[in-house]
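Note sheet for the following structure.
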Amino acid sequence: MNIKGSPWKGSLLLLLVSDLLLCQSVAPLPICPGGAARCQVTLGDLFDRAVVLSHYIHNLSSEMFSEFDKRYTHGRGFITKAINSCHTSSLATPEDKEQAQQINQKDFLSLIVSILRSWNEPLYHLVTEVRGMQEAPETILSKAVEIEEQTKRLLEGMELIVSQVHPETKENEIYPVWSGLPSLQMADEESRLSAYYNLLHCLRRDSHKIDNYLKLLKCRIIHNNNC
Amino acid sequence: MDLWQLLLTLALAGSSDAFSGSEDSSKEPKFTKCRSPERETFSCHWTDEVHHGTKNLGPIQLFYTRRNTQEWTQEWKECPDYVSAGENSCYFNSSFTSIWIPYCIKLTSNGDTVDEKCFSVDEIVQPDPPIALNWTLLNVSLTGIHADIQVRWEAPRNADIQKGWMVLEYELQYKEVNETKWKMMDPILSTSVPVYSLKVDKEYEVRVRSKQRNSGNYGEFSEVLYVTLPQMSQFTCEEDFYFPWLLIIIFGIFGLTVMLFVFLFSKQQRIKMLILPPVPVPKIKGIDPDLLKEGKLEEVNTILAIHDSYKPEFHSDDSWVEFIELDIDEPDEKTEGSDTDRLLSSDHEKSHSNLGVKDGDSGRTSCCEPDILETDFNANDIHEGTSEVAQPQRLKGEADLLCLDQKNQNNSPYHDACPATQQPSVIQAEKNKPQPLPTEGAESTHQAAHIQLSNPSSLANIDFYAQVSDITPAGSVVLSPGQKNKAGMSQYDMHPEMVSLCQENFLMDNAYFCEADAKKCIPVAPHIKVESHIQPSFNQEDIYITTESLTTAAGRPGTEEHVPGSEMPVPDYTSIHIVQSPQGLILNATALPLPDKEFLSSCGYVSTDQLNKIMP
């Protein structure tokens with residue numbers, strides 16, 4: 001299995017940043033089924049980078065949501081009015097710590113990969129639609145573009161991790177499909193804003209979930225629950 | 001007294017009512033805070049219920065709801081635990097806590113909603129304070145005044161760091177004991193941090209607080225840690241040593257200034273050259289800069305003309321060539337007295353009246369432009385002597401400017417640029433006559449010319465140029481002593497037949513014609529009109545021949561014969577035909593094949609067509 005070095009070699013810098021977690025005893029356990037010769041990057045490094053990326057993405061999503069809310073929908077009661085249903089709600093994601101501990105590692109990983117895959121299309125359309133907006137807010141647009149790109153990289157990394165941890169996993173391409181594009185393009189401004197609000201709120205939530213799950217998995221797999 | 005008591009009672013009752021009423025409204029229970037210390041449970045608190053007033057508020061209840069999957073259930077459930085978190089609180093244990101699901105809670109009293117709030121658990125996360133603070137000494141400075149310490153602590157117990165459920169960041173604050181303002185450090189993710197540069201003899205307080213990364217708020221501060229640094233040295237100075245930056249800067253500037261002045265005003269040129277090297281001034285080999293300053297353009301030109309690259313500046317100036325107009329209507333008047341004469345200091349007077357070809361047409365910027373030299377010529381007309389000498393120089397200079405001659409081109413046919421603007425007929429003036437040309441003759445010519453002329457045109461009486469045969473390396477110009485005879489004629493002095501003849505062969509080729517051609521046209525006229533013994537031959541210098549005259553002359557070989565032949569001197573000048581190459585000048589008349597006699601020597605200019613015929 002080929003390890004895609006290019007997106008990851010360039011982010012070696014992230015290794016320095018990865019010294020964030022409170023891991024007092026770092027005992028890297030390189031799980032490398034293919035043998036040492038095939039693994040150029042240890043699993044610990046992969047997880048470190050994934051966590052850094054997911055953290056970054058969540059930060060961007062939070063900021064983007066705050067900016068959007070402040071600029072367009074603040075104080076207009078969108079939080080209660082909005083349906084707030086995310087397209088990833090159909091996935092059985094753990095909602096608290098116990099549930100997260102109960103889910104097994106393999107399912108957990110595929111769940112994360114599914115969420116990431118399901119966000120590819122919405123992010124793409126988000127960027128396109130924001131770009132085409134009349135007065136495209138530059139900060140929001142730039143964040144959206146960055147999130148889209150980083151999510152792709154994170155997905156690549158996750159697939160790499162999966163291939164290392166569970167090489168026998170069959171490629172499961174099933175993921176929730178997003179169908180909110182028409183609502184983003186509605187003529188009625190109120191509905192359109194509501195759709196954007198919902199999308200950005202979901203993005204913030206899902207990016208937080210992914211970040212949390214990855215941190216859990218990292219401590220579980222790499223540090224044996226002793227971060 | 002009874003009345004007073006009654007009034008007092010009423011007043012009291014009324015006021016109590018009012019008080020109770022306001023108390024009631026102000027004492028409505030409200031949510032004060034909801035908090036989750038570890039992201040696994042949370043609790044909400046509200047204000048105390050005040051049992052004042054007449055109204056019975058009834059039991060306060062808290063209801064909550066959370067959005068499940070797709071929509072709000074709107075099914076309000078009551079608080080599961082009113083006790084564990086204390087009074088006026090509701091505690092949600094881990095089974096009731098979901099992280100990414102929004103909650104809404106409401107406070108009711110007697111069924112009426114008094115307060116409502118919506119949130120998600122991450123927003124209300126406030127970790128407990130860190131525990132087990134301690135410090136260790138890292139090092140002491142050499143002076144024994146300052147020291148560095150390392151402060152360590154532990155995460156709060158209930159925050160699950162080991163499983164990665166929570167990631168905390170910490171903020172440390174410290175201050176001297178008797179200070180009021182805390183110094184803050186940047187948030188850090190590890191549980192130990194060095195604190196630098198504490199004064200040894202002072203006591204410090206340190207405290208830490210934590211916050212979940214990315215969301216929530218800072219928790220409470222930990223307990224204060226007291227740091228007392230032991231005094232290591234007996235010789236602790238009370239005063240700090242401050243590096244005297246200001247003094248150093250001032251003295252440094254002063255010293256540099258002194259050195260600079262020493263160098264600047266020192267007589268030692270070597271040092272001066274080192275520090276302030278002289279800027280090289282532009283220099284051209286062979287040119288004395290003073291010459292330029294004095295403005296003696298002609299000399300400079302001659303010197304510069306030695307350099308091949310310089311000439312094209314003048315020669316290849318197409319702009320004035322383009323502006324040359326063929327003006328058939330204007331008679332050709334030539335001043336008496338050639339440039340060569342003037343240049344060679346020959347006494348010569350030009351016909352004043354013939355001077356200054358008045359050319360009403362615009363665009364005549366050639367060297368034959370009479371306006372340019374008009375004033376000069378007018379001034380010099382009757383002139384003899386020094387002014388003549390001076391004039392030729394100036395004329396020559398101008399001639400150089402306008403009709404520059406290449407030194408190595410002699411006796412070649414040129415395109416007659418100048419005559420193109422001018423009339424074909426030229427009023428020739430005698431050159432070789434020592435005495436001034438008979439003005440009468442010129443005048444008569446002029447008058448005769450005037451008769452014919454539709455427009456008063458003055459061609460040069462003026463010899464605008466003399467043929468420069470060579471330019472010596474020293475810079476002086478050698479003029480060819482061509483024939484000084486000038487035949488002044490106007491084109492329209494010519495026989496009308498001549499005119500037509502001349503015009504027949506008029507080649508529409510930039511109106512550049514060989515001088516000889518022009519001569520051919522012209523000579524006929526003076527025989528008819530000109531009373532003075534002005535020879536019909538063109539003065540070589542008279543290049544101002546209209547093309548028509550030239551062509552007609554060319555078309556009449558018979559009559560032409562004698563004209564150019566007899567009067568075929570070495571051309572005094574050769575004007576330059578600008579050929580394609582910027583530096584190429586066709587001047588060599590002798591190179592022409594014989595049949596084109598008209599192009600020989602006297603011909604100042606060759607039309608390009610003729611040129612093409614000539615050249616293979």
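Nothing here was measured: the structure is a model prediction, and the numbers come from that model. Every chain is numbered from 1 and lettered A, B, ... according to where its sequence line falls, protein lines coming before strand lines.
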Enumerate, atom names and distances included, each donor-acceptor pair closer than 3.5 Å involving a side-chain atom of residues 78-85 of chain B, sequence neighbours excluded.
unit_1, atom_1, unit_2, atom_2, d
B:E78, OE2, B:Q61, NE2, 3.2
B:E78, OE2, B:Y82, OH, 2.9
B:D81, OD1, B:V83, N, 2.8
B:D81, OD1, B:S84, N, 2.9
B:D81, OD1, B:S84, OG, 3.2
B:D81, OD2, B:S84, OG, 2.3
B:Y82, OH, B:L62, N, 2.9

message = Counting only non-hydrogen atoms closer than 4.5 Å, does B:T97 touch chain A with its backbone (N, CA, C, O), its side chain (CB onward), both, or neither?
response = backbone
task = Below 4.5 Å from any heavy atom of chain A, which atoms of B:S120 appear? Answer side chain, backbone, both or neither.
result =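 No part of it gets close to chain A.
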request  = Specify which of A:D211, A:T93, A:D96 makes the most heavy-atom pairs with chain B at under 4.5 Å.
outcome  =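 Most heavy-atom pairs under 4.5 Å with chain B: A:D96.
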For the pair [X] and [Y], name the ring-plane relationship: parallel under 30°, tilted 30 to 60°, perpendicular over 60°.
| X | Y | value |
| --- | --- | --- |
| B:W100 | A:Y213 | perpendicular |
| B:Y174 | B:Y204 | tilted |
| B:F92 | B:F42 | parallel |

Proximal component of A:Q99, with respect to chain B [non-hydrogen, under 4.5 Å] =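 Looking at A:Q99, nothing touches chain B.
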